[in-house]
Number of protein chains: 2
Amino acid sequence: MSLPHAILTALLEKPSSGLELTRRFDKSFGFFWSATHQQIYRELGKLEQSGAIRALPSETPARGQKKEYEVLPAGQAELAAWASAGQDPRAMRDPLLLRVRAAAVVGTAGLPAELRRHLALHERQLELYEGIERRDFPPERDSEQDRLRHLVLRGGIELETFWIRWLTQALETVDGESGTGAE
Amino acid sequence: MSLPHAILTALLEKPSSGLELTRRFDKSFGFFWSATHQQIYRELGKLEQSGAIRALPSETPARGQKKEYEVLPAGQAELAAWASAGQDPRAMRDPLLLRVRAAAVVGTAGLPAELRRHLALHERQLELYEGIERRDFPPERDSEQDRLRHLVLRGGIELETFWIRWLTQALETVDGESGTGAE
DNA sequence: AAGCGCATGTAATTTGTTACATGATTAT
DNA sequence: ATAATCATGTAACAAATTACATGCGCTT
């Protein structure tokens, strides 16, 4: 599974506490891997116990106190192994496509509004990504790290673009049928 | 929670037994919603118990015997309600994008080969979809059902196209620096 | 009758989600 | 001091994955 590896990647980029990780998984990191704070705390516990990470001993480690983690060599090795291993793409599972297919048998009531709402959400997300691209990835990208991170962001941008295009088609298809099917 | 609704949709399109459903979720239906036979049998049990579907009483219903299910009015109503309700897009979670991000911190060993493998898989999938499109959706699409189902297939086609384009970019980015090792 | 594949399930484990609990810090 | 908020967790549950179990029917 990928959650522990997502956490290892995030911690390698920057050692963090549980809440800081949660924030990062809600923002930039969440563009390709999302996680809730409950998942994160549980997984941090497992990773610490297995020796992949450790809490920085600086502050007083009590409940309600901040606790920063860093990756240990074992954790980095594990991540490197996972990142280079073969893994098949996961099976498709998209609720919106399913709902359109369901609408084909039970009717399209409410569907156009829902499609429009999703379209607006994806347009907003695309704007957000493009803002990040302008800010963080100016034309002269030099380091390998930058190139790879930019590539991941491009994935997000092009995925949002896909959805916007598809939703636009979908709205034409669904809306265009109340009158005559003018194509 | 979409699995029960996926099953209701599939059964409305055509009443089936558990194994037939499994087959359909491995083929065309699986293009937008995948499920294993264990999930399907468990869910069929729940749906039958809740009165959303029923087993056709035709054949002898014993273990190892085929058992066909059909959707009852309650199930169809439930599906219609679900299909028209509002649901936010689910949070992004893509292992391959994560692996590229991980490669940015632990190195790109093995990555190009993996990207090429995925590229080949997506190219094959795209060909498959395009074959289905040619076969099942000739230019003169008439019924609303056909238009909606074609729309769902277009979603699959354009998603595969997205992956192929992104993976091609990714290979240019990663291969363009190969051999240099550390940075 | 032995073996094989088909069809239907059970069980165990892991992952993800939702709701709640508790200590510490800061503002009023 | 009280309340609000931050930070870290626990508990309960739902969903998905993996592995295993059982009965039937057909072939050899």
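Convention: sequence-line order gives letters A, B, ...; per-chain numbering from 1.
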Note to self: Rounding to an integer number of Å, can you tell me how far B:Glu68 CD sits from C:dC6 P?
What the structure shows: 18 Å
Next item on the list: Report yes or no: does A:Glu20 contribute a side-chain atom to a donor-acceptor pair with the main-chain N or O of A:Ser17 at less than 3.5 Å?
Entry: yes
Check: Going by atom types only, do A:Trp82 and A:Gln87 share a side-chain donor-acceptor pair under 3.5 Å?
Finding: yes
Check: Got a sec? Which of residues 76-84 of chain A come in under 4.0 Å of DNA chain C, heavy atoms?
Finding: none
Item checked: Gap between atoms CG and C1', on A:Leu19 and D:dA7 respectively (whole Å) -> 6 Å
Check: What is the distance, rounded to the nearest whole Å, between atom CG of A:Leu44 and atom C1' of C:dT15?
Finding: 16 Å
Next item on the list: Report the residue (A:Met1 or B:Glu20) whose heavy-atom-nearest nucleotide on DNA chain C is the more 5′ of the two.
Entry: B:Glu20
Note to self: Tell me if a side-chain donor or acceptor on B:Ser143 pairs with a main-chain N or O of B:Asp146 at a distance below 3.5 Å.
What the structure shows: yes
Check: Just by modelled atom types, is the B:Thr36 backbone N or O under 3.5 Å from a matching donor or acceptor in the B:Gln39 side chain?
Finding: yes
Note to self: Mind checking if B:Thr22 touches a base, just sugar-phosphate, or nothing, with heavy atoms under 4.0 Å?
What the structure shows: nothing
Check: To the nearest angstrom, how far is B:Ile7 atom CD1 from C:dT8 atom P?
Finding: 13 Å
Next item on the list: Please list residues of residues 8-15 of chain A whose heavy atoms come under 4.0 Å from any atom in DNA chain C, ordered by number; otherwise none.
Entry: none
Notebook entry, point to check: Is a side-chain N or O of B:Arg24 found less than 3.5 angstrom from the main chain of B:Phe29, in a donor-acceptor match?
Noted result: no
Item checked: Backbone N/O of A:Trp33 and side chain of B:Arg93: donor-acceptor pair under 3.5 Å -> no
Notebook entry, point to check: What integer distance in Å separates A:Ile40:CD1 from D:dT10:P?
Noted result: 15 Å
Next item on the list: Can you tell me the distance, in whole Å, between the CG atom of A:Asp88 and the P atom of D:dT17?
Entry: 13 Å
Check: Are the side chain of B:Thr173 and the backbone of B:Gln169 linked by a donor-acceptor contact shorter than 3.5 Å?
Finding: yes
Next item on the list: Would you mind reading off the distance between A:Glu43 atom CD and D:dT10 atom C1', rounded to a whole angstrom?
Entry: 16 Å
Notebook entry, point to check: After noting the C-alpha distance and the side-chain angles of A:Leu11 and A:Leu21, does the key distance pass the side-chain contact (heavy atoms from CB on, under 4.5 Å) rule?
Noted result: CA-CA 8 Å; A:Leu11 287 180; A:Leu21 277 177; 4.0 Å; yes
Checklist line | Residues B:Arg149 and B:Gln145: side-chain donor-acceptor under 3.5 angstrom | finding: yes
Notebook entry, point to check: Which residues pass the salt bridge (Lys or Arg N to Asp or Glu O under 4.0 Å) test with B:Glu114, sequence neighbours left out?
Noted result: B:Arg99, B:Arg117
When you compare the protein's N or O atoms with those of nucleotides 17-20 of chain C, which come within less than 3.5 Å of each other, and at what distance?
from	atom 1	to	atom 2	distance (Å)
C:dT17	OP2	B:Arg93	NH2	3.1
C:dT17	O4	A:Arg42	NH2	3.4
C:dA19	N6	A:Gln38	NE2	2.7

Note to self: Per the side chain to side chain donor-acceptor pair (under 3.5 Å) rule, what does the pair list look like for residues 44-54 of chain A, sequence neighbours excluded?
What the structure shows: A:Arg54-A:Glu70
Taking only N/O atoms, report every protein-nucleotides 3-5 of chain C pair under 3.5 Å with atom names and distance.
none

Item checked: Single-linkage hydrophobic cluster, 4.5 Å side-chain cutoff, A:Leu98 and A:Leu121 together -> no
Margin query: For A:Tyr129 and A:Phe31, take the angle between the two ring planes, folded into 0 to 90°, and tell me which bin it lands in: parallel under 30, tilted 30 to 60, perpendicular over 60.
Written below: tilted
Check: Which part of the nucleic acid, if any, lies within contact of A:Arg90, taking any heavy atom under 4.0 Å across all strands shown: a base, the sugar-phosphate backbone alone, or nothing?
Finding: nothing
Margin query: Check the phosphate of C:dT14 against A:Lys46, side-chain N and O only, distance under 4.0 Å to OP1 or OP2. Yes or no?
Written below: no
Check: Do the ring planes of B:His118 and B:His122 sit parallel (below 30°), tilted (30 to 60°) or perpendicular (above 60°)?
Finding: tilted
Checklist line | Separation of atom NZ in B:Lys67 from atom C1' in D:dG23, rounded to whole Å | finding: 14 Å
